[in-house]
2 protein chains.
Amino acid sequence: MGSVSTLADHIEAYIKRMIRENQGRAIELSRAQLADAFACVPSQINYVLTTRFSLERGYIVESRRGGGGYIRIGRVQVEDVHEDAFDLISQVGSQISEKEMENILARLLDHQIITSRQARIIRGIIQQETARVGQGKALVRASLVRALLLFVLQQQGN
Amino acid sequence: MGSVSTLADHIEAYIKRMIRENQGRAIELSRAQLADAFACVPSQINYVLTTRFSLERGYIVESRRGGGGYIRIGRVQVEDVHEDAFDLISQVGSQISEKEMENILARLLDHQIITSRQARIIRGIIQQETARVGQGKALVRASLVRALLLFVLQQQGN
DNA sequence: CCTCCTTTGACCATTCCTGACCTTGATTCT
DNA sequence: AGAATCAAGGTCAGGAATGGTCAAAGGAGG
């Protein structure tokens, strides 16, 4: 697993565990309470939500302000994970940023379509290959992401 | 002077010893601290990492910037049987023709380093990807061949 | 000398965390 | 009902902590 060192990482892990323990169903929580539990400012929760629970990473976050306010966090429901994976890959355009790549990997990892080891190797390979070219890294990255992920999927016999 | 020991060599040895002492498991370190320990500029660490801890040499390096940033260095287990395969791959230049690619695949197939199914999948993916780009197919192909073969080899050392 | 590897430093990019200030919804007071 | 107040959550910009890049200078060996 990734390094669980920063506060944000801990909060992320906490939320994911909550969801897991709830059979993957959406959970509801109070921003203020959570912030209190981790001894941080409330906006830190928003930071975690936007950086780790974005739609691109497969999460849906709803909330309401005012008295009795709440934050609900759930996973995007997908019929067939492999279908979803192919969709994800086919939606990769001719260029892709590092951040976009991370989102895809995070999502596939989340759905256990790839292992963290595979994700690491993919990152490593792409890092080396993009370093090799001066310009057009986003182009090379797109090509490699598609190729490597497609390879993984096809190998699994899809 | 038998300069068997540049600063880079010492840093390399230090990191390798760390990994050894950690039972071969990945280690995590701080670039700034390490640079400090060796009284050099931080970028020297990057130099050592890129020149001595590349994937072809069997290492995988991950890092994160910002607060709580780190550099993680681990080994990817690779069977010795595949030593020459790595040589083959690292000899792939910045461009390679379809014929050269076929030769490489044939050799790897011959030595049973990859299966015919894997070879087929690789061919298919590379065909698709090179078709996407108008020019510079040989460039893209080289990148993909390296990436996919590297991936296959590291997958096996699991 | 020439070339390749090493070292350095200036400048850049990313990630995290906080606090001041804003918006929205519910409840209570007149 | 309307106003005031209370109780959430949201935004945004900034500071601090890391690591990354790149090109030029330095050195050792052939």
Side-chain angles (χ1 to χ4, degrees), chain A residues 2-15 27-54 57 60-73 97-103 106 123-124 126-138 140-141, chain B residues 1-15 27-54 57 60-73:
Chain A
S3 99
V4 186
S5 57
T6 66
L7 216 203
D9 287 335
H10 281 112
I11 297 176
E12 173 189 9
Y14 174 81
I15 294 175
I27 61 164
E28 210 165 276
L29 48 81
S30 137
R31 187 180 77 145
Q33 274 180 26
L34 190 55
D36 218 53
F38 282 95
C40 64
V41 293
S43 57
Q44 174 75 353
I45 305 302
N46 296 88
Y47 174 70
V48 173
L49 293 179
T50 54
T51 57
R52 329 287 220 251
F53 295 89
S54 65
R57 275 154 116 106
I60 291 179
V61 177
E62 301 168 276
S63 66
R64 210 168 76 196
R65 308 185 185 187
Y70 62 83
I71 294 181
R72 188 181 353 239
I73 308 169
S97 70
E98 228 171 310
K99 206 165 286 187
E100 290 174 305
M101 176 183 86
E102 273 312 315
N103 283 337
R123 278 193 208 99
I126 290 181
Q127 223 245 324
Q128 283 204 166
E129 286 299 321
T130 53
R132 194 179 271 264
V133 300
Q135 293 186 318
K137 289 190 202 295
V140 173
R141 186 156 38 225
Chain B
M1 293 266 288
S3 110
V4 213
S5 45
T6 63
L7 214 205
D9 289 334
H10 281 120
I11 298 176
E12 175 188 7
Y14 173 81
I15 293 175
I27 61 165
E28 211 167 273
L29 47 83
S30 134
R31 186 180 77 145
Q33 274 180 27
L34 189 56
D36 219 52
F38 282 93
C40 64
V41 293
S43 55
Q44 174 76 349
I45 306 302
N46 295 87
Y47 175 70
V48 174
L49 292 179
T50 53
T51 57
R52 273 95 155 148
F53 293 88
S54 64
R57 293 187 180 221
I60 188 148
V61 177
E62 298 170 274
S63 67
R64 206 160 87 182
R65 306 186 187 187
Y70 61 80
I71 293 181
R72 181 170 16 232
I73 307 167

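Labels below follow one simple rule: chain letters A, B, ... track the order of the sequence lines, proteins then strands, and each chain is numbered from 1. No hydrogens, no waters, no symmetry mates; every other heavy atom, side chains included, goes into these values.
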Length of the [atom1]-[atom2] vector between [X] and [N], whole Å:
{"X": "B:E62", "N": "D:dT18", "atom1": "CD", "atom2": "P", "answer": "19 Å"}
{"X": "B:L34", "N": "D:dG20", "atom1": "CG", "atom2": "P", "answer": "12 Å"}
{"X": "A:R132", "N": "D:dC22", "atom1": "CZ", "atom2": "C1'", "answer": "18 Å"}
{"X": "B:L7", "N": "C:dT8", "atom1": "CG", "atom2": "C1'", "answer": "11 Å"}
{"X": "A:R31", "N": "C:dT23", "atom1": "CZ", "atom2": "P", "answer": "15 Å"}
{"X": "B:R52", "N": "C:dT7", "atom1": "CZ", "atom2": "C1'", "answer": "12 Å"}
{"X": "A:D9", "N": "D:dT18", "atom1": "CG", "atom2": "C1'", "answer": "14 Å"}
{"X": "A:L29", "N": "D:dG10", "atom1": "CG", "atom2": "P", "answer": "10 Å"}

*Grab the two heavy atoms, one from A:S5 and one from B:G68, that are nearest each other, plus how far apart they are.*
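Result for this residue pair: OG-O, 4.0 Å.
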
Give me the atom names and distance for the closest heavy-atom approach of A:K137 to A:A131.
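In this case the closest contact between A:K137 and A:A131 is NZ-CA, 4.0 Å.
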
Decide if atom [atom1] of [X] counts as having more than 12 heavy atoms of other residues, nucleotides or ligands within a radius under 6.0 Å.
{"X": "A:E102", "atom1": "CD", "value": "yes"}
{"X": "A:Q33", "atom1": "CD", "value": "no"}
{"X": "A:Y14", "atom1": "OH", "value": "no"}

**Note: B:R64-A:D9 ion pair, threshold 4.0 Å (strictly below)** =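 Salt bridge flag = yes for A:D9 with B:R64.
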
For this session: Answer yes or no: is there a side-chain heavy-atom contact under 4.5 Å between B:V41 and B:Q44?
Result: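 Yes - at least one pair of side-chain heavy atoms lies under 4.5 Å apart.
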
Margin query: What I'd like to find out is whether the side chain of B:L34 reaches to under 4.5 Å of the side chain of B:P42, using heavy atoms alone.
Written below: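 Side chain of B:L34 against side chain of B:P42, heavy atoms only: no contact under 4.5 Å found.
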
Q) Which part of the nucleic acid, if any, lies within reach of A:S30 when heavy atoms closer than 4.0 Å are counted: base, sugar-phosphate only, or nothing? A)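 Sugar-phosphate: the residue A:S30, judged by heavy atoms under 4.0 Å, touches backbone atoms but no base.
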
(Q) Quick check for you: among D:dG20, C:dC16, C:dT8, whose closest atom lies nearest to any side-chain atom of B:I71? (A)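 My answer, after comparing the listed nucleotides, is D:dG20.
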
Worksheet item: OP1 or OP2 of C:dC5 sitting under 4.0 Å from any side-chain N/O of B:T6?
Response: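 For B:T6, the contact criterion (side-chain N or O under 4.0 Å from OP1 or OP2 of C:dC5) is not met.
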
field: A:Y47 vs C:dC17: side-chain N/O to OP1/OP2 distance below 4.0 Å
entry: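 Negative; the distance criterion is not met.
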
Can you work out whether B:A32 or A:G134 has the more 5'-proximal nearest nucleotide on DNA chain D?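 Looking at the nearest nucleotide for each, B:A32 comes out on the 5' side.
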
Is a donor on one side and an acceptor on the other found under 3.5 Å between the side chain of A:T130 and the backbone of A:Q127?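 Yes, because the side chain of A:T130 sits within donor-acceptor range (under 3.5 Å) of the backbone of A:Q127.
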
Whether each nucleotide of nucleotides 25-30 of chain C has a protein heavy atom under 4.0 Å at its base (B), only at its sugar-phosphate (S) or at neither (-) is summarised, 5' to 3', as BS----

Which residues in residues 35-46 of chain A have a heavy atom closer than 4.0 Å to any atom of DNA chain C?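 The answer is A:C40, A:V41, A:S43, A:Q44.
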
